[in-house]
Amino acid sequence: MKLMENKTVCIVIMILFLLAGVLLGGYKGLSAQYRNVSDIFFTGEAGDGACAANDMAERASKLTNMKTIGAKYLQPKDSCLQEAVSAVSAYNSAEGDIPAMFQANRIMDTAMENLYRELEDAGLSEKDESYRQRLYADFNSRNDTISHDVYFGYAQTYNQILTQFPASLIQTIMPVKTAAISY
């Protein structure tokens with residue numbers, strides 16, 4: 001117990017406890033802010049489902065429908081059909097992981113563009129051609145909506161906070177996530 005009677009040791013222990021408290025409290029606060037930003041991505045600013053995640057799900061649905069049209073006119077092993085299946089699968093696998101969802105969204109872009117172009121000269125019926133055009137327009141419109149989603153403003157503000165002291169210090173010591181903005 002002589003160690004605890006040493007004033008210097010007690011001061012050092014107190015400083016360590018204070019530092020640990022600041023780090024843990026800061027980590028908890030930053031984690032809560034990240035969850036808020038993440039919630040905006042998945043449920044929207046008002047929690048009403050008008051969000052980037054919903055728009056990405058709609059894009060996956062449009063690509064699936066385009067693949068269905070393609071399956072009527074292209075060979076089952078056609079690379080564009082396979083690419084569409086892979087892109088939707090990548091999107092479904094990314095569920096809940098924002099950076100992975102952004103990556104899957106880019107993969108869906110490429111797959112949709114390739115399938116759309118492949119079907120251009122496939123001799124589609126008038127009804128299927130009209131549907132192909134609508135799907136493509138809706139798919140691209142959803143991407144435009146995503147690019148203007150409020151999530152990006154919240155993510156940018158959160159990431160800016162991470163560059164400031166003491167958050168920058170906490171981030172170097174604790175496993176604080178950054179918000180994905182790669183669009």
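This is a predicted model, so every value here is computed, not measured.
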Side-chain contact, heavy-atom cut-off 4.5 Å: [X] with [Y]?
X	Y	result
Gln103	Tyr91	no
Leu162	Ser168	no
Val88	Lys67	no
Thr43	Asn54	no
Thr178	Gln171	yes
Arg59	Asp109	yes
Phe139	Met108	yes
Asp55	Asn105	no

Hydrophobic cluster membership, with links at side-chain heavy-atom distances under 4.5 Å among I/L/V/M/F/W/Y: are [X] and [Y] in one?
X	Y	answer
Leu24	Ile161	yes
Tyr73	Val85	no
Val12	Leu19	no
Phe165	Tyr27	yes
Leu18	Ile173	no

Side-chain donor-acceptor contact under 3.5 Å, [X] with [Y]:
X	Y	result
Arg35	Ser31	no
Tyr154	Glu45	yes
Gln156	Gln160	no
Asn36	Tyr158	no
Glu113	Tyr136	yes

More than 12 heavy atoms of other residues, nucleotides or ligands under 6.0 Å from [atom1] of [X]: is that the case?
X	atom1	answer
Gln75	CD	no
Gln82	CD	yes
Gln164	CD	yes

Measuring from [X]:[atom1] to [Y]:[atom2], what's the distance to the nearest 0.5 Å?
X	Y	atom1	atom2	answer
Arg117	Met112	CZ	CE	11.5 Å
Leu119	Lys72	CG	NZ	11.0 Å
Asp138	Asn143	CG	CG	12.5 Å
Leu135	Asp128	CG	CG	10.0 Å
Leu81	Thr68	CG	OG1	9.5 Å
Glu129	Ile69	CD	CD1	8.5 Å

Are the aromatic rings of Phe102 and Phe152 close, with centres under 6.0 Å apart?
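Close enough - the centres of the two rings lie under 6.0 Å apart.
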Where is the tightest heavy-atom contact between [X] and [Y], given as atom of each residue plus distance?
X	Y	answer
Met101	Gly96	SD-N, 3.9 Å
Asp97	Phe42	N-CZ, 4.4 Å
Ala50	Asp149	O-OD2, 4.4 Å
Ala179	Val37	CB-CG1, 4.1 Å
Ala180	Ala155	O-CB, 4.2 Å
Gly44	Cys51	N-CB, 3.4 Å

Would Arg132 and Tyr116 count as a cation-pi pair here, with the cationic atom under 6.0 angstrom from the ring centre and within 45° of the axis?
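Judged by the rule (NZ or CZ under 6.0 Å from the ring centre, within 45° of its axis), Arg132 counts as positioned above Tyr116.
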Give the C-alpha distance, both sets of side-chain angles, the deciding distance and a yes or no for side chain to side chain contact (heavy atoms under 4.5 Å, CB included) between Phe41 and Met56.
CA-CA 11 Å; Phe41 180 86; Met56 286 182 191; 3.9 Å; yes
Any donor-acceptor pair under 3.5 Å linking the side chain of Ser93 with the backbone of Ser89?
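Yes; judged by distance alone, with no hydrogens or angles, the pair exists.
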Any donor and acceptor pair, going by atom type alone, linking the side chain of Thr145 with main-chain N or O of Ser141 inside 3.5 Å?
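Yes; at least one donor-acceptor contact below 3.5 Å.
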List the steps, then state whether side chain to side chain contact (heavy atoms under 4.5 Å, CB included) holds for Glu83 with Leu115.
CA-CA 8 Å; Glu83 185 180 23; Leu115 185 54; over 6 Å; no
Working for side-chain hydrogen bond (donor to acceptor under 3.5 Å, both in side chains), residues Ser130 and Arg134
CA-CA 6 Å; Ser130 173; Arg134 281 194 325 271; 3.1 Å; yes
